[in-house]
Amino acid sequence: MSALELRAENLTVTRGGAAVLEGVSFRLHAGRALILRGPNGIGKTTLLRTLAGLQPAREGHVSMPPEAMAYAAHLDGIKAVLTVEENLRFWASVFETERVEEALDAFELKGLRTRPAGLLSAGQKRRLGLARLVVTGRPIWVLDEPTVSLDAAAVEMFGKVIRAHLAQGGMALLATHIELGLEEAERLELGPFKAVVKPDEHFDEAFL
Amino acid sequence: MSALELRAENLTVTRGGAAVLEGVSFRLHAGRALILRGPNGIGKTTLLRTLAGLQPAREGHVSMPPEAMAYAAHLDGIKAVLTVEENLRFWASVFETERVEEALDAFELKGLRTRPAGLLSAGQKRRLGLARLVVTGRPIWVLDEPTVSLDAAAVEMFGKVIRAHLAQGGMALLATHIELGLEEAERLELGPFKAVVKPDEHFDEAFL
Amino acid sequence: MASLWEYANPLKFMRTTERILPAVSALAALCLVGGLVWGFFFTPDDFRQGSTVKIFYIHVPSAMMAVNIWVMMLVTSLVWIIRRHHVSALAARAAAPIGAVMTVIALFTGAVWGQPMWGTWWAWDPRLTSFLILFLFYLGYIALWAAIEDDDTAADLTSVLCLVGSVFALLSRYAVNFWNQGLHQGASLSLDKEENVADVFWYPALVCIAGFILLFVALVIVRTNTEIRARRMRALLARERGADA
Amino acid sequence: MPDLGKYALEVLSAYGVSLVLIVGIVLLSVARSRRVRAELEAVEARRQRNG
Amino acid sequence: MIALLARDLRLAVRAGGGFGLGLSFFLIVVVLVPFGVGPETGLLSRIAPGVLWVAALLACLLSLDRIFALDYEDGSLDLLATSPLPLEGAAAVKALAHWLTTGLPLVLAAPVLALLMNLPWQGYAPLMLSLLLGTPALSVIGAFGAALTVGIKRGGLLLSLLVLPLYVPTLIFGADVARRGAEGQDFTTPLMMLAGISFGALALLPFASAAVLRVNLR
Amino acid sequence: MIALLARDLRLAVRAGGGFGLGLSFFLIVVVLVPFGVGPETGLLSRIAPGVLWVAALLACLLSLDRIFALDYEDGSLDLLATSPLPLEGAAAVKALAHWLTTGLPLVLAAPVLALLMNLPWQGYAPLMLSLLLGTPALSVIGAFGAALTVGIKRGGLLLSLLVLPLYVPTLIFGADVARRGAEGQDFTTPLMMLAGISFGALALLPFASAAVLRVNLR
Ligand code: HEM
Ligand SMILES: Nc1ncnc2c1ncn2[C@@H]1O[C@H](COP(=O)(O)OP(=O)(O)OP(=O)(O)O)[C@@H](O)[C@H]1O
Ligand SMILES: Nc1ncnc2c1ncn2[C@@H]1O[C@H](COP(=O)(O)OP(=O)(O)OP(=O)(O)O)[C@@H](O)[C@H]1O
Ligand SMILES: [Mg+2]
Ligand SMILES: [Mg+2]
């Protein structure tokens, strides 16, 4: 994995036409993780979607292209009628990798491989969604509240996978409200970047 | 309000064809509240839906008809394109009462009365959903996790409304995972009623 | 000389247009009333068509407007896609219902005219048919604007629809021509003098055409400015909500 | 009133319906313009007050 | 009841084109048919009554899934079921609202489209009469189908499959009235049958719909 | 790309009747028409090519909203957009999958239904040829419409309204091929036009679909 440093400079991200966060800058070295913190509605999801290339930033610059990132959010794109293995194989062939077995192993899904995903419990489903990350083979993981509905054992499993990814020189960017047990990760508090409405704005800018 | 006592005797409730809770019995006097407790998936929602008459109980008896109950769950049936007041007025005319103003007052929605409900924040929407209870004018309130996404001030508001309702001789049945600040309410732990699958069940009963 | 794009600033656009609006509306009213009164009361009947020629003064201008408004929407959509000036997208949105009404007028007056002339209210003549299709395009375009919450998304989607729709509208025009040869009059502005409508009928018609164009300009100004204000208001309300949260 | 002959109904209905449609869209546009203008002014005023 | 009706109508108007869309679909189908079968007016005027009826039926069909699905998804249906309104009444009112927003506009628009199809002039009254009598049946039958499929995601196509066969008798008699009318024949018999079907459906199906809804809410 | 195609086909098969439902709708519409216009075989055989084409078009239309909406709702579309697959390719493949599950079965079923409609024997080959050439265009045009309305709840009716006018040229030339074929005339000109439209749409519209999808994912 060739990524050495992810730099975001002076990003302004928007939602529904209105700026949500302004002037966000951070750096992330290979092998490190960054946790984004902030209250509900501050704009974590918006920032991550912008980094992943799903929406354009209004201003600012990101040093690595969206093609280096693997994005995972609340909706994990699991098809209920396909089995666990078929779901993973599909993404593996989209990303042209061969790491299905590794991913099944990492999240202890081997026993469930032939189970249609629709019959999984919420936690198992979430594990399958995270296993997709392994399969992408991309260096930067962009994760939005990854541990929702996981129990303690699964959270630990997730921590192990993240550490292994970092050890290989990958990076991870996580948004979360709860502790993940990744003490070594850096933290970025988003509160200070909240976009403020300037009172002297021009009328034509008020559209944006 | 004429209700004197709500008695449930030996209820068995089912979900997706399988018994979830068995032999649930409780009594609730006018002016009292009962909080149902239990882990995820134990069957709180199922029990409340059965009491509200949305699904039949497999066994057992409830002393009061569903017509005495006002049910409120996660989905609160709010129409995004109608204003706050129009939403409430609709339910008021369905339940043939005149208590719209009272309800708007109780949840501090007066300032929002002409706002289309689709533009409310999650917490405001929830308040509107609860305001509907006041409008029904029914004696027994059956509430499934009523305080989801409410902030502290709104939870207090809710407590006040519940107490006022009880003081008028109403009753309330609540399922919740978090504290509501209703110390005076009775509690019912549902764990012991969890349905067990009997090994000697007949084949044709196993269909049920 | 200031660039034309300055008028892409909403405030500047509104100021300028609202200054000229009274004049445009007055002129539009003058031309419309003048042309129609002239046409209706002071022109002779045609020796073949009788009094029905009077329908001409409404039919032709509205038919021309119906097509040209779509062209104008196509241009403003392109401007939005390329330069992302909000006024441009909003002008397209403002124009669409006017275009739809013009199409309805052309269709209705044509149908009423067809009854005495061709002995039928409606025939699947290529020109008439393509007008019907144009009407459907207007309907779809308006419905798409109405269905999408987010303004920029709606502007983008409707612009692409307008582009693709224009291509298919042209294709349909061609297909319809192929499908059925028609009854309808040829273009009267053609150079071939023989086919031209007599001058007595043309002068009032030209006044009416000018009236329809001016009416369209006035309406577009009013409606675009309304859309600008509505857009601004939604933005402000969204901010208020953001500040509350 | 000119003599419209046997086509009076056609001509009059064409003029009538067209005029109704034109006047209709003009009135609708103006009414909506007024309404939106007033609403926007209310919102702007609120903004001024609240800073 | 009236409140529910008023609400549904208001929702249809505000939610952008409850009225317009069914109507536009009707228009579109009627416009497409000449493109398919060719522009000959003689042929068109012969198939006009049938095509108009089939198009009206399809336009009804496509708006059916809104009858209950939206209320189911946002929980309104649960709340209605626990309200003092009898569910039968609610089902009937919702079918009525569907008729007012879809069926009635179709009836009113039919003459214009009949014009496009060159329907003979004596066919207009029977066409409108048959649609006026028949579309309420389409709405209640459709509401029953919508109640059956209310819990199914993207049940639209399934809904069509279930409902279309149920529409056959209404279609046969309705189109027959319109066709005989257009040909200047006597059409009392099919008209009586159509009226019978409509009243029967109106009287009985809301009960079936309510029963099915109760099952789906469980 | 192939993986996406395989997955879409598998989903269509497993999710209960991706194939069957479009086909049954086709069948039902074709069956309803004789109920509407009356059972005369001469008349039916004259309108057969047009009716079959219109019915095929409607059957295509009704399954369009599945092309992107399901993937949008469960987040797959976000993930696909961030994957190495170009979105243009994904849009094209999804249109292809729609054609394989809807268009192709329609082409294959058309002769059977043509029988029901008394199509003259020399009309079979042109009918199938025109459907074979035309249905791919219907699928890509439809995919464009589905991409436009992917973010809209219950966008089905709106989708129809947007897509049907775009279908007009395809329908005209396709039905013309089939009709001329049935009447034993020469049909090379409309066939060339149909092919032109199909290839043009196939070549260009996936780009428009992808652009529109990107806007909708923002
Ligand atoms: C319902 C259907 C009709 C529609 C949609 C329609 C549409 C149009 C259009 C688009 C034009 C073009 C204007 C231009 O190119 O300058 C036009 C012009 C005209 N139409 Fe129609 N028309 C209809 C029916 C009729 C009928 C029934 C008549 C009378 C017999 C008629 C007579 C004319 C005349 C005289 C012109 C002027 C042609 C010219 O510019 O020389 N139209 N119509
Ligand atoms: N369609 C929309 N139009 C305008 N504003 C919106 C829209 N959707 C969301 N917002 C606002 O954008 C802001 C940022 O939302 P975002 O989802 O990024 O927050 P978040 O930090 O991820 O919150 P959470 O912790 O709840 O996930 C919120 O204040 C929200 O209210
Ligand atoms: N369609 C279904 N078929 C079979 N079992 C189901 C179905 N839906 C839910 N269940 C099961 O029924 C049980 C009771 O669910 P219920 O929603 O009543 O639980 P709950 O106590 O309300 O949980 P929570 O605290 O999460 O709200 C759960 O164990 C659940 O897995
Ligand atoms: Mg978030
Ligand atoms: Mg629950």
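Because the structure is a prediction, the values reported are computed rather than measured.
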Chemist: Could you walk me through whether B/Lys79 and E/Asp71 pass the salt bridge (Lys or Arg N to Asp or Glu O under 4.0 Å) test, one step at a time?
Modeler: CA-CA 9 Å; B/Lys79 293 293 174 187; E/Asp71 276 349; 2.5 Å; yes

Chemist: Locate the shortest heavy-atom distance separating B/Ala52 from E/Thr82; write the atom from each residue and the value.
Modeler: O-CG2, 3.5 Å

Chemist: Between the main-chain N or O of E/Asp78 and the side-chain N or O of B/Arg49, is there a donor-acceptor pair closer than 3.5 Å?
Modeler: no

Chemist: I'd like to know whether CZ of B/Phe95 has more than 12 heavy-atom contacts from other residues, nucleotides or ligands below 6.0 angstrom.
Modeler: yes

Chemist: Output the distance between atom CZ (B/Arg138) and atom OG (E/Ser83), rounded to the nearest 0.5 Å.
Modeler: 6.5 Å

Chemist: Compare all side-chain heavy atoms of E/Pro84 with those of B/Val94 and state whether any distance is below 4.5 angstrom.
Modeler: yes

Chemist: Which region of B/Arg132, side chain (C-beta onward) or backbone (N, CA, C, O), has a non-hydrogen atom less than 4.5 Å from a non-hydrogen atom of chain E, or is it both or neither?
Modeler: side chain

Chemist: Does any heavy atom of chain B fall under 4.5 Å from the side chain of E/Leu80, the backbone, both, or neither of them?
Modeler: both

Chemist: Do other residues, nucleotides or ligands put more than 12 heavy atoms under 6.0 Å from B/Phe26 CZ?
Modeler: yes

Chemist: For atom CD of B/Glu96, decide whether the heavy atoms of other residues, nucleotides or ligands shown that lie under 6.0 angstrom number more than 12.
Modeler: no

Chemist: If you round to the nearest 0.5 Å, how far is CH2 of B/Trp91 from CG of E/Leu79?
Modeler: 4.5 Å

Chemist: Does any part of the side chain of E/Arg7, heavy atoms only, come nearer than 4.5 Å to the side chain of B/Leu82, both counted from C-beta?
Modeler: yes

Chemist: Do other residues, nucleotides or ligands put more than 12 heavy atoms under 6.0 Å from the NZ atom of B/Lys160?
Modeler: no

